[in-house]
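Let me begin by presenting the structure, written as structure tokens, before commenting on it.
Predicted model only: the values in this text are computed from it and were never measured. FYI, side chains are in, hydrogens and waters are out, and symmetry mates aren't considered; it's all heavy atoms of this structure.
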Amino acid sequence: MVDKKLVEEAVKMLLKGIGEDTERQGLVGTPDRVARMYEELLAGYDDDAAKHLSKTFSVSDGEIVVEKDIYFYSLCEHHLMPFYGKAHIAYIPDDKVVGLSKLARTVEVYARRLQIQERMTSQIADAIQDNLTTKGVMVAVEAEHMCMTMRGVKKPGSRTMTYACRGRFEEDIELRKMVMEMFRS
């Protein structure tokens, strides 16, 4: 997805635009480093959650599965600044579960793209709902946005919370409350 040469050219132009000398010793390798960084930070465009969620195991009962505190880093599509935090996932399997690492990989697929937190939360929930046989999915994401803490309103420590509910979690308020407690503990 990332065109390394094009990114390098853009970084050189940015450095020139802010009045820097692109031949200065500390900046000579910067365009290459930034391009390689963006290849890593935006690797989610070259990944597919369905691939990760296709490796399932049969189960006989459909108890709630919760994986919480899945740390992630993403880039805000409005300012190209980081936002980072934790994702929490709960789902009720119908007859199959997925390996726990696959839930974390699903978070990474969507976090490693230019994003807004609201969309990322829904994409994670939809990927799980669409690719697993579930009775319901709930995703909660809490993150700090550098575009809010480092610039603009400058409110460090403020966190944004987003939630997405599918299936039984949409319908059953008590179930949703119970899982929210699990996410908090």
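The 12-atom threshold is exceeded at CE of Met161, counting heavy atoms of other residues, nucleotides or ligands nearer than 6.0 Å. Within 6.0 Å of atom CD1 in Ile18, more than 12 heavy atoms from other residues, nucleotides or ligands are found, so the atom counts as buried in its surroundings. Around atom CE of Met37, more than 12 heavy atoms belonging to other residues, nucleotides or ligands sit under 6.0 Å away.
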Test Thr121 against Tyr110 for side chain to side chain contact (heavy atoms under 4.5 Å, CB included), laying out the working first. CA-CA 9 Å; Thr121 305; Tyr110 296 107; over 6 Å; no

When you look at Phe169 and Val179, which way does the side chain to side chain contact (heavy atoms under 4.5 Å, CB included) test go after all the steps? CA-CA 9 Å; Phe169 292 107; Val179 170; 3.4 Å; yes

Would you sort out whether Arg119 and Ser122 count as a side-chain hydrogen bond (donor to acceptor under 3.5 Å, both in side chains), showing the intermediate values? CA-CA 5 Å; Arg119 180 188 320 117; Ser122 290; over 6 Å; no

Could you please spell out the steps behind the salt bridge (Lys or Arg N to Asp or Glu O under 4.0 Å) verdict for Arg184 and Glu181? CA-CA 5 Å; Arg184 283 190 206 107; Glu181 280 302 311; 2.7 Å; yes

Would you please test Glu174 and Lys177 for salt bridge (Lys or Arg N to Asp or Glu O under 4.0 Å) and show each step? CA-CA 5 Å; Glu174 291 306 312; Lys177 285 179 184 177; 3.7 Å; yes

Does the pair Val137 and Val139 meet the rule for a side chain to side chain contact (heavy atoms under 4.5 Å, CB included), with working shown? CA-CA 7 Å; Val137 176; Val139 176; 4.1 Å; yes

Verdict with supporting geometry, Lys4 and Glu8, salt bridge (Lys or Arg N to Asp or Glu O under 4.0 Å): CA-CA 6 Å; Lys4 193 169 177 283; Glu8 288 178 26; 3.0 Å; yes

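Proximity of Met180 to Met138: side-chain heavy atoms (C-beta onward) are separated by under 4.5 Å at one or more points. You'll find the side chain of Arg24 reaches within 4.5 Å of the side chain of Glu20, heavy atoms only. Here the side chains of Ile124 and Met120 are in contact, with some heavy-atom distance below 4.5 Å. Side chains of Val109 and Arg113 form a contact here, defined as non-hydrogen atoms less than 4.5 Å apart. In this structure the side chain of Leu175 reaches within 4.5 angstrom of the side chain of Ile64, judged on heavy atoms. Between Arg112 and Leu41, some side-chain heavy-atom pair lies under the 4.5 Å cut-off. Under the 4.5 Å side-chain criterion, counting only non-hydrogen atoms from C-beta, Ser158 is not in contact with Glu144. In this structure, Thr22 and Lys16 have side chains that are in contact, with non-hydrogen atoms separated by less than 4.5 Å.
The line from CD of Glu118 to CD1 of Ile116 is 4.5 Å long, rounded to the nearest 0.5 Å. Atom CG of residue Leu75 and atom NE2 of residue His145 lie 12.0 Å apart, to the nearest 0.5 angstrom. Distance CD/Glu67 to CZ/Phe183: 10.5 Å, rounded to 0.5 Å. Atom SG of Cys165 and atom CD of Glu171 lie 10.5 Å apart (nearest 0.5 Å).
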Distance-only criterion, 3.5 Å: show the donor-acceptor pairs between side-chain atoms of residues 45-57 and protein atoms not counting sequence neighbours.
unit_1: Tyr45; atom_1: OH; unit_2: Leu114; atom_2: N; d: 3.1
unit_1: Asp46; atom_1: OD1; unit_2: Met1; atom_2: N; d: 3.4
unit_1: Asp46; atom_1: OD2; unit_2: Met1; atom_2: N; d: 3.4
unit_1: Asp47; atom_1: OD1; unit_2: Lys51; atom_2: NZ; d: 3.2
unit_1: Asp47; atom_1: OD1; unit_2: His52; atom_2: NE2; d: 3.0
unit_1: Asp47; atom_1: OD2; unit_2: His52; atom_2: NE2; d: 3.0
unit_1: Asp48; atom_1: OD1; unit_2: Ala50; atom_2: N; d: 3.1
unit_1: Ser54; atom_1: OG; unit_2: Lys51; atom_2: O; d: 2.8

Considering only distance and modelled atom types, tabulate donor-acceptor pairs under 3.5 Å from the side chains of residues 80-105, sequence neighbours left out.
unit_1: His88; atom_1: ND1; unit_2: Asp69; atom_2: N; d: 3.0
unit_1: His88; atom_1: NE2; unit_2: Glu142; atom_2: OE2; d: 2.9
unit_1: Tyr91; atom_1: OH; unit_2: Val98; atom_2: N; d: 3.1

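When atom types are taken as modelled, the side chain of Glu170 and the backbone of Gly167 share a donor-acceptor pair closer than 3.5 angstrom. Between the side chain of Ser74 and the backbone N or O of Ala111 there is at least one donor-acceptor pair closer than 3.5 Å. For Arg176 (side chain) and Asp172 (main-chain N/O), no donor-acceptor pair under 3.5 Å exists by modelled atom type.
Using modelled atom types and a 3.5 Å distance limit, the side chains of Thr162 and Gln117 yield a donor-acceptor pair.
Ile70 and Tyr73 end up in different hydrophobic clusters when Ile, Leu, Val, Met, Phe, Trp and Tyr side chains are linked at under 4.5 Å. Under the 4.5 Å side-chain heavy-atom criterion for Ile, Leu, Val, Met, Phe, Trp and Tyr, Met182 and Tyr163 are members of the same hydrophobic cluster.
Across every non-hydrogen atom of Ala127 and Thr106, the tightest pair is CB-CG2, 4.2 Å.
Checking Leu14, Leu15, Val11 one by one against Val34, the side-chain contact (heavy atoms from CB on, under 4.5 Å) holds for a single residue, Val11.
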